[in-house]
Amino acid sequence: MLKVLVVFVAGIILGSFFKKFNFVNKFSEISVYILIAIFLFVIGFSVGSDDRIMQNLNITFLYSLIFSISGILGSVLLIKLILKK
Amino acid sequence: MTSFIFLIFFVSGVILGNLLRNNFFNINFKTYILYLLLFFVGLQVGSDRKFYEIFKKLNLKDLLFPFVSLAGSVLISILIFIIIKFPLKEGIAIVSGMGYYSLSSILVTEFRNEYFGVIALLTNLLREIITLIFTPLLVKIFGKSFPVASGGATTVDTTLPVIIKYSGKDFLLISIINGFILTAIVPFVIIFVLSIK
């Protein structure tokens, strides 16, 4: 896991040298889109071929709905409480 | 639009995977793509001029916004995880995605498995969708900060137009700061939480 973080930080540091070159930012933005699309396809592929996940999609969706609402509610309430925004 | 394209890639993967039932993609392939992806996300954040310009205009309260937002999400969700007996570390990693569904689902899949990865994908995608659809209604109940708090990492791009429309231009800067900081820290938080023994 540490290796992944090192790669991420290396990207940020390297990027900071190229802030005057707009094409570096544009190129990395496009690369990120393409890589995410490929990766999501690969994850989808693994999910589709996994019977346990496919049979439990209802409960997976229910969990996701609960967690998205709890996350939003937590953010909104703590910001009201602490930052009074 | 981007979310829609990503969703098409994911769903076509699910359909093909279900039809072919063959694991073409070995773990090494996924790991290499992950490294490349994080490198380019880093490069994108580091090379963005707006990132540095915004930091010059910062005040402490604006800077705290994303951190308080993340803490709030995690704290309330921990209560839910305990109540429904959902694994705590995986749950915290999932909600720490803060709407950054693509990267969070990829990291959670890589460091755990597809089951938690799918929940991370849906949870964070729903966060963006709920913000986009319910902001006009919920801004009346929770106030103008609602979409910025709710949108998480997406407030720098996809949910920004909604925020400007319903919260006003006063929230433009805080919205960009919030989205930028969350986009930069979400990978650290997820990897950190999942690496705790």
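Bear in mind that the values here come from a model prediction, so they are computed numbers and not experimental data. Here is the naming used below: chain letters follow the sequence lines, and residue numbers restart at 1 for every chain.
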Check for me, please, whether B:V162 and B:L126 land in the same ILVMFWY cluster - side-chain distances under 4.5 Å, paths through other members count. no
Part of A:F21 lying under 4.5 Å from any heavy atom of chain B: neither
Quick one: are B:R127 and A:I69 in side-chain contact, heavy atoms under 4.5 Å? no
Considering only heavy atoms, which portion of B:V41 lies under 4.5 Å from any heavy atom of chain A: side chain, backbone, both, or neither? both
With a 4.5 angstrom heavy-atom cut-off, is it the side chain or the backbone of B:I129 that approaches chain A, or both, or neither? neither
Quick check on the 6.0 Å ring-centre criterion: do B:F40 and A:F27 meet it? yes
Chain B contact via A:L14 - side chain, backbone, both or neither, heavy atoms under 4.5 Å: both
Once you round to the nearest 0.5 Å, how far does CG of A:L40 lie from CD1 of B:I5? 12.0 Å
Quick check: are there more than 12 heavy atoms from other residues, nucleotides or ligands sitting under 6.0 Å from CZ of B:F188? yes
Quick check: do A:T60 and B:Y115 have side-chain heavy atoms less than 4.5 Å from each other? yes
Path from A:L81 to B:I141 over hydrophobic side-chain contacts below 4.5 Å: no
Does B:I185 belong to the same Ile/Leu/Val/Met/Phe/Trp/Tyr cluster as B:L37, with side-chain heavy atoms less than 4.5 Å apart forming each link? yes
Taking the side chain as every heavy atom from C-beta outward, state whether B:S150 and A:S75 have any atom pair closer than 4.5 Å. no
List the steps and the verdict of ring-ring contact (aromatic ring centres under 6.0 Å, His included) for B:F81 and A:F67. CA-CA 9 Å; B:F81 301 145; A:F67 299 162; 4.9 Å; yes
Using heavy-atom distances under 4.5 Å, tell me whether B:I106 contacts chain A through its side chain, its backbone, both, or neither. both
Return the minimal non-hydrogen interatomic distance between B:V14 and A:M54, and the atom names on each side. CG1-CE, 3.8 Å
Rounded to the nearest 0.5 angstrom, the CG-CG distance for B:L122 and A:L57 is 8.0 Å
Could you walk me through whether A:S16 and B:S47 pass the side chain to side chain contact (heavy atoms under 4.5 Å, CB included) test, one step at a time? CA-CA 5 Å; A:S16 67; B:S47 66; over 6 Å; no
So B:T123 and A:S68, side-chain hydrogen bond (donor to acceptor under 3.5 Å, both in side chains) or not? Walk me through it. CA-CA 5 Å; B:T123 299; A:S68 58; over 6 Å; no
Validation row: A:K19, B:D48 side chains within 4.5 angstrom (heavy atoms): no
Measure across B:G143 and A:K80 and return the closest heavy-atom pair with its distance rounded to 0.1 Å. CA-NZ, 4.4 Å
Examine whether an atom of B:A184 lies under 4.5 Å from a heavy atom of chain A, and if so say whether it belongs to the side chain, the backbone or both; otherwise answer neither. backbone
Angle between ring planes, B:F86 versus A:Y63, binned at 30° and 60°: parallel, tilted or perpendicular? perpendicular
Sort B:S73 into side chain, backbone, both or neither according to what part of it lies under 4.5 angstrom from a heavy atom of chain A. both
Same apolar cluster (I L V M F W Y, side chains within < 4.5 Å links), A:I79/A:L77: no
The interface call for B:D170 against chain A, heavy-atom contacts under 4.5 Å, is neither
What heavy-atom pair brings B:S105 and A:I43 nearest, and what distance separates the two atoms? O-CD1, 4.0 Å
Taking the side chain as C-beta and beyond, is there a heavy-atom pair between B:I191 and A:F8 under 4.5 Å? no
pair B:E110-A:F39: side-chain heavy atoms closer than 4.5 Å: yes
Heavy-atom proximity to chain A below 4.5 Å, by part of B:I80: side chain
Select one option (side chain, backbone, both, neither) describing which atoms of A:K26 are under 4.5 Å from chain B's heavy atoms. neither
Below 4.5 Å from any heavy atom of chain A, which atoms of B:L121 appear? Answer side chain, backbone, both or neither. side chain
So do A:V24 and B:Q44 actually touch side chain to side chain, heavy atoms under 4.5 Å? no
If every non-hydrogen atom of B:V68 is compared with every non-hydrogen atom of A:L78, which pair is closest and at what distance? O-CD2, 3.4 Å
Most contact-rich option vs chain A, by heavy-atom pairs under 4.5 angstrom, among B:L125, B:V45, B:V118, B:L75, is B:V118
Residue A:I53 versus chain B: region with a heavy atom under 4.5 Å: side chain
Got more than 12 heavy atoms from elsewhere within 6.0 Å of CZ, B:F9? no
Considering all heavy atoms, the nearest A:S49-B:G17 contact: CB-O, 3.4 Å
One should read off an interatomic distance between B:L79 CG and A:S70 OG, to the nearest 0.5 angstrom, of 9.5 Å
Min side-chain heavy-atom separation B:F146-A:I72 under 4.5 Å: yes
Consider only side-chain heavy atoms of I, L, V, M, F, W and Y, link residues closer than 4.5 Å, and tell whether B:F67 and B:I76 are in one cluster. no
Tell me if the CG atom of B:N59 is crowded by more than 12 foreign heavy atoms within 6.0 Å. yes
Does any backbone or side-chain atom of A:I66 lie under 4.5 Å from a heavy atom of chain B? Answer side chain, backbone, both or neither. side chain
Please report the interatomic distance CD1(B:I33) to CD1(A:I34), rounded to the nearest 0.5 Å. 11.5 Å
What distance separates B:I119 CD1 from A:L65 CG, expressed to the nearest 0.5 Å? 12.5 Å
